[in-house]
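Beneath this line is the structure, given in structure tokens, with notes to follow.
Chain identifiers are assigned alphabetically (A, B, ...) following the order of the sequence lines, protein sequences preceding nucleic acid strands; residue numbering begins at 1 within each chain.
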There are 2 protein chains.
Amino acid sequence: MAGGLGICICENCEFREVIFPHLTDEEVHELCANKSESHYRKGEIIHREGEEITDFKYLKKGLVKVFRTLSDGTEQIVTITRPFEFISNVSFFTRNSYTYSISVLEDSTICHVSLDYMRELFSGNANLAMGLLARVTRVNEGIITQSLEIRNKNLVGRVAFVILFFAREVYSSKVFDLPVSRKEIADFISMSTANVIRTFSDFKREGIINAEGKMIEVIDMEKLDLLAKRG
Amino acid sequence: MAGGLGICICENCEFREVIFPHLTDEEVHELCANKSESHYRKGEIIHREGEEITDFKYLKKGLVKVFRTLSDGTEQIVTITRPFEFISNVSFFTRNSYTYSISVLEDSTICHVSLDYMRELFSGNANLAMGLLARVTRVNEGIITQSLEIRNKNLVGRVAFVILFFAREVYSSKVFDLPVSRKEIADFISMSTANVIRTFSDFKREGIINAEGKMIEVIDMEKLDLLAKRG
DNA sequence: CGCGGCTTTGATGTTCATCAAGTAAAGTGG
DNA sequence: CCACTTTACTTGATGAACATCAAAGCCGCG
């Protein structure tokens with residue numbers, strides 16, 4: 001990770017409206033003095049579960065995975081998060097240590113503000129707190145529904161779901177490079193790596209997708225949709 | 001459902017500290033004038049997914065299940081909620097309609113306050129908003145972790161998990177009456193009804209539990225724990 | 001008392017994890 | 001830059017786990 005400089009350009013930050021819609025220019029200026037920005041590279045760990053929460057963090061650019069490590073050492077992926085979302089969302093304000101670990105899937109930029117300052121900021125601004133409440137709730141609701149969806153599908157449906165997740169929600173494109181390994185997909189949908197790979201091969205053989213290493217191309221979106229809904 | 005009278009006794013309500021720890025006596029008095037209390041019987045539906053959110057609701061007494069109905073008409077249980085929690089928690093402040101349905105497992109008392117009044121209350125009280133934020137986050141975090149736990153276990157582990165859930169978190173007793181049918185347990189842990197029943201029978205045969213209809217008695221807690229962790 | 005829904009158990013086939021063995025790709029040190 | 005090591009990927013074969021179907025008993029309710 002490369003250190004943050006904290007240059008105060010938040011007034012013009014394109015994410016200001018998304019994250020802090022209720023702050024005045026003056027308040028944003030003050031916030032800026034207390035924030036810093038960090039860059040992380042693919043593979044780096046932002047924080048581990050159990051570590052003390054010191055900062056409010058949100059993802060400005062990139063892609064990260066939220067995961068937890070099970071007692072047998074394997075990883076379970078909670079969700080994959082795109083920009084504009086807090087990445088400490090699940091634990092924020094509730095605990096003093098993170099519930100889940102976060103690692104970087106694509107080079108990312110994180111903005112962070114000390115928790116103490118955030119608390120102070122919130123104490124004087126109910127609108128800000130309510131806005132955050134709404135956002136946190138929505139993020140959590142998304143994670144819950146995603147988990148229920150996954151639980152409800154069989155192997156084929158889960159793999160179709162993941163491909164559609166990347167094509168629609170992450171990349172908005174039929175062609176994209178997978179930011180995760182086959183094993184990570186398995187960790188995400190709670191299936192074995194071998195069977196995830198087998199299903200990719202099946203989809204390829206049936207002309208539903210094209211796949212060369214990390215490159216994925218969705219050929220038959222309708223079929224994939226059907227498989228995701230059926231399974 | 002039996003209608004609410006709204007008698008103003010909130011000042012002495014044993015749940016005041018739990019739900020509204022940051023309100024003064026005066027504020028609670030005003031809140032009271034805007035709240036009402038409803039009683040629901042086992043089997044009644046408090047609200048259905050898709051219905052407009054009009055009230056902030058929390059569970060004062062009883063037991064409810066949060067669920068969603070899938071496209072094929074079957075139910076998937078999101079979680080089972082005990083008193084002191086908001087029951088509209090997942091959707092609150094985010095959407096104008098409920099994401100999940102809620103029905104009553106044991107005769108329940110719900111306190112509800114109009115959403116408009118709640119919003120007003122929050123606008124002027126950042127501490128209240130922050131307190132709610134913390135609570136909502138914690139509830140959601142619990143649901144997420146629960147779902148991940150379930151996904152991670154096999155049939156035996158999931159059934160053991162559910163029995164322990166009721167014994168420890170709901171009833172704090174080794175002997176209790178199941179508030180749900182075998183089918184509902186299946187809907188909760190995403191397994192078939194027949195296999196849930198079969199597993200109950202296995203546990204009974206192995207002397208891990210005793211089960212007569214709805215009555216469940218945990219005999220070997222350690223064994224059950226082991227099965228829940230293994231699977 | 002009869003109907004429908006819940007419960008139970010057995011039998012059967014499908015789905016899935018696991019093991020194994022081999023190939024490809026990607027990092028590592030000389 | 002190449003040899004080496006490790007990690008990711010791929011496919012087949014096998015057995016375990018699970019859903020589904022079917023039949024029968026049970027219970028509550030109109």
If you measure only the distance, is there a donor-acceptor pair under 3.5 Å linking the side chains of B:Y100 and B:T69? no
Sub-4.5 Å side-chain heavy-atom contact between B:L224 and B:I163: yes
In residues 145-158 of chain A, which ones come under 4.0 Å of DNA chain D, going by heavy atoms? none
Main-chain N/O of A:V104 paired with A:S108 side-chain donor or acceptor, under 3.5 Å: no
Between B:T79 and B:Q146, a side-chain donor and acceptor under 3.5 Å: yes
Is the shortest side-chain N to carboxylate O distance from A:K183 to A:D187 below 4.0 Å? yes
So, B:T81 versus B:Y58: side-chain donor-acceptor pair below 3.5 Å or not? no
Set of residues satisfying side chain to side chain contact (heavy atoms under 4.5 Å, CB included) with respect to A:K153, sequence neighbours excluded: A:E149, A:R158, A:F161
Could you give the side-chain donor-acceptor pairs of residues 210-222 of chain B under 3.5 Å, partners two or more places apart or in another chain?
unit_1: B:K214; atom_1: NZ; unit_2: B:V180; atom_2: O; d: 3.2
unit_1: B:D220; atom_1: OD1; unit_2: B:E222; atom_2: N; d: 3.4
unit_1: B:D220; atom_1: OD1; unit_2: B:K223; atom_2: N; d: 3.0

Residues A:R168, A:D225: salt bridge by 4.0 Å N-O rule: yes
A:E51: partners by side chain to side chain contact (heavy atoms under 4.5 Å, CB included), with sequence neighbours left out: A:H47, A:R48, A:Y98
For nucleotides 23-27 of chain C, which of its nitrogen or oxygen atoms have a protein nitrogen or oxygen under 3.5 Å away, and what is each distance?
none

How would you list, by chain and number, every residue that makes a side chain to side chain contact (heavy atoms under 4.5 Å, CB included) with A:T109, sequence neighbours excluded? A:E37, A:H39, A:K60, A:K61
Give a yes-or-no answer on whether the side chains of A:R151 and B:S147 include a donor-acceptor pair shorter than 3.5 Å. yes
Residues forming a side chain to side chain donor-acceptor pair (under 3.5 Å) with B:D177, sequence neighbours excluded: none
At a heavy-atom distance below 4.0 Å, what parts of residues 200-218 of chain B sit against DNA chain C? B:S201, B:K214
Can you list every pair that meets ring pair (Phe, Tyr, Trp, His ring centres under 6.0 Å) and has a residue in residues 176-212 of chain B, with sequence neighbours left out? B:Y171-B:F176
Donor-acceptor pair, A:R82 side chain versus A:E169 backbone, under 3.5 Å? yes
Taking only heavy atoms on the protein side, list every residue of residues 178-197 of chain B lying under 4.0 Å from any atom of DNA chain C, sorted numerically. B:S181, B:R182, B:K183, B:A194, B:I197
Quick check against the 3.5 Å criterion: does B:D72 have a side-chain atom that pairs as donor or acceptor with the backbone of B:T74? yes
If an axis is fit to five pairs at each end of the helix from C:dC1-D:dG30 to C:dG30-D:dC1, what is the angle between the two, to the nearest 10°? 50°
Answer yes when A:K65 and A:E75 have at least one side-chain N-carboxylate O distance shorter than 4.0 Å, and no when they do not. yes
Would you kindly give the CZ-to-P distance between B:R198 and C:dT12, to the nearest whole Å? 13 Å
Counting primed atoms plus P, OP1 and OP2 as sugar-phosphate and everything else as base, spell out the protein contacts along nucleotides 23-30 of chain D at 4.0 Å heavy-atom distance: B, S or - for each nucleotide, 5' to 3'. --------
